[in-house]
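So the structure is just underneath, and the comments pick up after that.
Keep in mind the model is a prediction, meaning the values are calculated, not measured. Below, chains carry the letters A, B, ... as their sequence lines are ordered, and counting in each starts from 1.
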There are 2 protein chains.
Amino acid sequence: MTEPTHEQVDQLTRAFERFTRRFKVAESAAAADNALNALDAEALVFVGDNPGCGVGEVARYLNVAMTTMSSAVDRLTRRRLIERRRTEDDRRSLALTVTDKGRQAIDDHIAAYRELCRVMLRSLDPREQAELIRLTEKIAGS
Amino acid sequence: MTEPTHEQVDQLTRAFERFTRRFKVAESAAAADNALNALDAEALVFVGDNPGCGVGEVARYLNVAMTTMSSAVDRLTRRRLIERRRTEDDRRSLALTVTDKGRQAIDDHIAAYRELCRVMLRSLDPREQAELIRLTEKIAGS
DNA sequence: TCAAAATAGTACGAACTTCGTAGTATTCAA
DNA sequence: TTGAATACTACGAAGTTCGTACTATTTTGA
């Protein structure tokens, strides 16, 4: 809760700009032809983590309009990455689940993300690696 | 250059997911109505840092097609954030500069980014703040 | 020197994404 | 039992990216 100095904020801002640029370039280079757009990828991961969830749940979680998520689910369904099924208890809603192909896509997605994290950590020595993890967790958690 | 453990990569991956989510939500909440899209904002900042640059330079820097940048420059020009002028020495190319209104928009953009960095730092105590800055610089730079 | 190639940029249209409006089907509530 | 609420989709408007084809200008090399 200690207020950082103006100078520190400035340093971190500049460092983050370079940081972001470095890994954005790496990411766009890795993007395959059959890659999903950002929303579809996030929706797919959410469905993987929450099997049986509905379209509205995903929309609320990702902060997009219901119709936008309906479109995304449609794209994912057409590509056979997820499946829609009417539920017994509420026949208005759909239960979304990932297919085997969808699970594979998620694994690939996570692998790419992990690789990015691995590259970051490799720039540091062991003590710093542990410290970066700790600090990131602290910031993310509070 | 020390290879991180599988477990460490995993920890950082999870921490970054929460980290990203936390600050993405904050960002989308702050997005005003007149906000620029990501590409236009980045192009505007680049022109601010490189007055007199051409459309192609911005396109190459941001890794987008020339026609895409042409559209972005068109939008920024229509909104009176930048100006296009033919140069004397090469009359094919345009010299881009930001207007006063564009400078103001850049300042606002940077202020929002700095605020994000400030919020991150505030979660940490003074020693950790300095350490986060150092580690970020180290990763960004290598 | 001068024609061909290269360069800087734009016009246009196709493909895609987001989202608001209006609709269907179903469930809940009084 | 009927009217409101809920889950979702169809459709169309507006916006973005990018490839192709174009204009204008500069560079190159025979």
Side-chain angles (χ1 to χ4, degrees), chain A residues 24-25 27-47 50-79 81-97, chain B residues 24-25 27-29 31-47 50-97:
Chain A
K24 184 166 52 182
V25 170
E27 201 175 357
S28 65
D33 283 340
N34 59 348
L36 300 170
N37 70 38
L39 178 66
D40 291 8
E42 287 177 304
L44 179 59
V45 169
F46 182 85
V47 173
N50 300 274
C53 68
V55 178
E57 271 172 85
V58 191
R60 278 190 297 277
Y61 178 76
L62 295 177
N63 262 305
V64 296
M66 179 71 169
T67 50
T68 302
M69 189 45 61
S70 184
S71 298
V73 164
D74 216 48
R75 288 191 291 273
L76 291 169
T77 304
R78 278 201 305 274
R79 296 172 72 161
L81 297 171
I82 66 175
E83 280 178 350
R84 285 183 277 215
R85 256 193 298 271
R86 287 284 163 198
T87 59
E88 287 310 309
D89 48 317
D90 185 341
R91 295 178 44 206
R92 290 169 303 184
S93 62
L94 296 170
L96 304 176
T97 51
Chain B
K24 184 167 52 181
V25 170
E27 202 175 356
S28 65
D33 283 341
N34 59 347
L36 300 170
N37 70 38
L39 178 66
D40 293 7
E42 286 177 305
L44 179 60
V45 170
F46 183 84
V47 173
N50 301 273
C53 68
V55 178
E57 272 172 84
V58 192
R60 279 189 297 278
Y61 178 77
L62 295 178
N63 262 304
V64 297
M66 178 71 167
T67 50
T68 302
M69 190 44 62
S70 183
S71 298
V73 164
D74 216 50
R75 287 191 292 272
L76 291 170
T77 304
R78 277 201 306 274
R79 295 173 72 160
R80 304 267 183 271
L81 297 171
I82 66 175
E83 280 178 350
R84 285 183 277 215
R85 257 192 298 270
R86 288 281 164 200
T87 59
E88 287 308 311
D89 50 315
D90 185 341
R91 294 175 48 205
R92 291 168 302 184
S93 62
L94 297 171
L96 304 177
T97 52

- Message: For A/Val73, is there any backbone N or O sitting under 3.5 Å from a side-chain donor or acceptor partner on A/Thr77?
- Response: yes
- Item | From A/Met66 atom CE to A/Ser71 atom OG, the distance as rounded to the nearest 0.5 Å | 11.0 Å
- Does A/Arg91 have a side-chain nitrogen or oxygen under 4.0 Å from the phosphate oxygens OP1 or OP2 of C/dT26? yes
- Note on the structure: Atom CZ of B/Arg60 and atom P of C/dT7 are separated, to the nearest Å, by 10 Å
- Give me the residues of residues 61-77 of chain A where at least one heavy atom lies under 4.0 Å from an atom of DNA chain D, by number, or none. A/Met66, A/Thr67, A/Ser70
- Does a side-chain heavy-atom distance below 4.5 Å link B/Asn63 with A/Lys24? no
- Can you check whether A/Leu36 reaches A/Leu81 side chain to side chain, under 4.5 Å on heavy atoms? yes
- Tell me what B/Arg86 touches on the nucleic acid: a base, only sugar-phosphate, or nothing, going by heavy atoms under 4.0 Å. nothing
- Item | Interatomic distance where CD belongs to A/Glu42 and P belongs to C/dT18 [whole Å] | 10 Å
- Of B/Leu44, B/Val47, B/Leu76, which meets side-chain contact (heavy atoms from CB on, under 4.5 Å) against B/Leu96? B/Val47
- Provide, to the nearest angstrom, the distance between the CZ atom belonging to A/Arg84 and the P atom belonging to D/dA7. 17 Å
- Task: Could you pick out which residue, A/Asp40 or B/Glu57, lies toward the 5' side of DNA chain C when each is mapped onto its nearest nucleotide?
- Result: B/Glu57
- Query: Counting only heavy atoms not in A/Arg84, do more than 12 sit closer than 6.0 Å to its CZ atom?
  - Reply: yes
- If a pair satisfies salt bridge (charged side-chain N to carboxylate O under 4.0 Å, His left out) and one of its residues is in residues 56-73 of chain B, list it, with sequence neighbours excluded. none
- Item | Five-pair end axes of the helix from C/dT1-D/dA30 to C/dA30-D/dT1, angle between them (10°) | 10°
- Message: Before you tell me yes or no, could you show the steps for B/Leu39 and B/Met69 under side-chain contact (heavy atoms from CB on, under 4.5 Å), namely the whole-Å CA-CA distance, both residues' side-chain angles and the distance that decides it to 0.1 Å?
- Response: CA-CA 9 Å; B/Leu39 178 66; B/Met69 190 44 62; 3.8 Å; yes
- Message: What is the separation between atom CZ on A/Arg79 and atom P on C/dC16, rounded to the nearest whole Å?
- Response: 10 Å
- Item | Whole-Å distance separating the CD atom of A/Glu88 from the C1' atom of C/dT27 | 15 Å
- Query: B/Leu94 has an atom CG; how far is it from atom C1' of D/dT23, in whole Å?
  - Reply: 13 Å
- Among C/dT10, D/dC8, C/dT27, which nucleotide sits nearest the side chain of A/Ser93? D/dC8
- Message: From CG of A/Asp89 over to P of D/dA7, roughly how many Å is that when rounded to an integer?
- Response: 12 Å
- Message: Below the 4.0 Å mark, does D/dG15 have OP1 or OP2 next to a side-chain nitrogen or oxygen of B/Asn37?
- Response: no
- Query: Are OP1 or OP2 of D/dT27 and a side-chain N or O of B/Arg92 less than 4.0 angstrom apart?
  - Reply: no
- Any donor and acceptor pair, going by atom type alone, linking the side chain of A/Arg85 with main-chain N or O of A/Leu94 inside 3.5 Å? no
